[in-house]
Amino acid sequence: MRVFFFSTCLGACAFADTCIVCIKLLQKEGVEVVFKKNQTCCGQPSFNSGYNEETKEIALHTMDLLQGEEPIVVPSGSCATMMRVDYPLLFEGTSYEKQAKDFAKRVYELSEFLFEVLKVKYEDKGNPIKVTWHSNCHALRGAKCIEAAKSLLRSLKNVELIELEREEECCGFGGTFSIKEPEISNAMVTQKVQDIQSRGVDCLLSADSGCLLNISGAMQKQGINIQALHWYDFLAQRIGL
């Protein structure tokens with residue numbers, strides 16, 4: 001099987017090592033991974049800010065760059081939502097509508113692809129650990145890929161998942177929202193951190209780079225000694241990749 005890997009903006013600038021881990025998770029299953037060097041943003045920041053025409057240019061570049069029949073694998077529920085849900089809406093009623101819909105059908109968040117398409121079975125090689133999970137808003141409500149990730153997490157025999165009380169509440173990142181409304185964003189992440197602290201866990205997991213940067217930064221500033229790990233880094237560690 002051959003796939004295109006879309007690394008995302010934050011993946012490229014802040015989580016490059018995690019992106020390499022994601023590629024290795026695919027290669028472990030015998031998948032040929034193609035990384036197009038001219039890939040750029042999926043267009044979500046401009047789309048969420050109301051710049052639809054500029055976003056169309058970005059989306060058309062991405063759709064043209066990743067032409068073909070291959071699945072497009074994305075290690076982010078946010079970007080998967082943009083490419084799978086919002087591209088068809090963006091081009092609705094235009095000459096690009098069919099291209100956008102055909103493109104959207106090929107987009108998978110990585111956990112979805114591992115669990116639903118490749119049907120992976122992992123052996124947990126790590127020590128017992130208690131973790132909790134933060135669900136990114138777009139992954140939860142747009143791409144709806146959280147259950148695939150949690151199913152993989154629950155399959156790790158030495159990992160105890162302790163759910164957050166307010167898991168479905170935003171952490172306050174929201175891309176440009178955290179810049180435009182820093183006071184509100186800070187109040188939201190403070191509530192999220194309190195919820196995490198109350199769970200008595202060793203580690204916080206999330207499959208979204210932006211949320212992870214926001215929450216881990218807040219915990220660090222507050223002196224809270226709970227490890228924050230990207231879900232795919234954690235998964236690779238548990239299976240000895």
Side-chain angles (χ1 to χ4, degrees), residues 8 10-11 14-15 18 21-22 44-45 48 74-82 85 109-112 115 124 126-238:
T8 80
L10 283 176
F15 286 85
T18 302
V21 164
C22 292
Q44 188 180 91
N48 289 346
V74 189
S76 163
S78 289
C79 299
T81 296
M82 182 67 200
V85 179
E109 198 277 330
L110 178 56
S111 285
E112 288 180 315
F115 182 70
D124 186 359
N127 295 322
I129 187 173
K130 292 182 179 180
V131 305
T132 194
W133 175 277
H134 166 72
S135 287
N136 158 266
C137 295
H138 282 99
L140 182 68
R141 299 176 180 89
K144 299 179 180 178
C145 57
I146 296 298
E147 195 50 44
K150 282 190 174 181
S151 294
L152 289 174
L153 181 57
R154 293 188 185 107
S155 74
L156 302 173
K157 65 179 182 180
N158 294 325
V159 179
E160 181 182 354
L161 172 61
I162 300 174
E163 307 276 5
L164 290 176
E165 182 181 350
R166 302 164 72 171
E167 179 189 331
E168 296 188 1
E169 293 185 15
C170 179
C171 73
F173 176 64
T176 55
F177 171 80
S178 60
I179 298 170
K180 294 176 180 177
E181 302 289 350
E183 292 86 2
I184 299 174
S185 175
N186 183 62
M188 293 169 74
V189 76
T190 297
Q191 288 185 336
K192 179 65 68 170
V193 168
Q194 289 171 350
D195 193 5
I196 294 165
Q197 235 184 331
S198 73
R199 300 295 94 182
V201 296
D202 306 300
C203 182
L204 163 73
L205 301 177
S206 180
D208 185 85
S209 301
C211 296
L212 197 60
L213 286 173
N214 190 42
I215 298 170
S216 64
M219 290 198 297
Q220 186 176 12
K221 286 180 180 178
Q222 295 176 32
I224 296 169
N225 189 29
I226 297 175
Q227 187 180 25
L229 269 179
H230 198 290
W231 158 231
Y232 296 115
D233 290 326
F234 179 80
L235 178 59
Q237 290 176 13
R238 299 305 297 188

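Fair warning: this is a prediction, and the values are worked out from it, not measured in the lab.
- Looking at every heavy atom in both residues, Glu109 comes nearest to Gly77 through CG-N, 3.9 Å.
- At distances below 3.5 Å, not a single donor-acceptor pair connects side-chain atoms of Thr132 with backbone N or O atoms of Leu204.
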Intermediate values then yes/no, side-chain contact (heavy atoms from CB on, under 4.5 Å), Asn127 and Asn158: CA-CA 6 Å; Asn127 295 322; Asn158 294 325; over 6 Å; no
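- With rounding to the nearest 0.5 Å, the separation of OG1 in Thr190 from CE in Met188 is 11.0 Å.
- Residues Ala139 and Ile146 share a closest heavy-atom pair of CB-CD1, 3.7 Å.
- A salt bridge links Arg154 with Glu147; the closest basic N to acidic carboxylate O contact falls under 4.0 Å.
- Rounded to the nearest 0.5 angstrom, Glu181 CD and Glu183 CD are separated by 7.5 Å.
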Trace of the side-chain contact (heavy atoms from CB on, under 4.5 Å) decision for Leu161 with Trp133: CA-CA 8 Å; Leu161 172 61; Trp133 175 277; 3.9 Å; yes
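- With contacts defined as side-chain heavy-atom distances shorter than 4.5 Å, the pair Pro75/Thr18 does not qualify.
- One finds the OG atom of Ser135 at 8.0 Å from the CD atom of Glu163 (value rounded to the nearest 0.5 Å).
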Trace of the side-chain contact (heavy atoms from CB on, under 4.5 Å) decision for Gln194 with Arg166: CA-CA 10 Å; Gln194 289 171 350; Arg166 302 164 72 171; 6.0 Å; no
Ser206 and Ile215: CA distance, side-chain angles, deciding distance, side-chain contact (heavy atoms from CB on, under 4.5 Å) verdict: CA-CA 10 Å; Ser206 180; Ile215 298 170; 5.9 Å; no
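- Between Gly210 and Asp208, the shortest heavy-atom distance links the atoms N-OD2, 3.1 Å.
- Atom CD of Glu168 has 12 or fewer heavy atoms from other residues, nucleotides or ligands within 6.0 Å.
- The CD atom of Glu167 lies 7.0 Å from the CG atom of Leu140; values are rounded to the nearest 0.5 Å.
- The salt bridge (charged side-chain N to carboxylate O under 4.0 Å, His left out) contacts involving residues 189-207 comprise Asp195-Arg199, where partners must be two or more places apart or lie in separate chains.
- Nearest heavy-atom pair, Ala80 versus Val74, reported as atom, atom and distance to 0.1 Å: N-CG1, 4.2 Å.
- Atom CD1 of Ile162 sits about 12.5 Å away from atom CD1 of Ile196, to the nearest 0.5 Å.
- Residue pairs satisfying the side-chain hydrogen bond (donor to acceptor under 3.5 Å, both in side chains) criterion with at least one member in residues 212-231, sequence neighbours excluded, are listed as follows: Ser111-Trp231.
- In this structure, Gly142 and Val85 approach most closely via the heavy-atom pair O-CG2, 3.9 Å.
- Note that CD of Gln44 is 10.5 Å distant from OG1 of Thr8, once rounded to the nearest 0.5 Å.
- Scanning all heavy atoms of the two residues, the minimum distance from Ala228 to Leu212 falls at CB-CD1, 4.0 Å.
- Under the 4.5 Å side-chain criterion, counting only non-hydrogen atoms from C-beta, Phe234 is in contact with Leu153.
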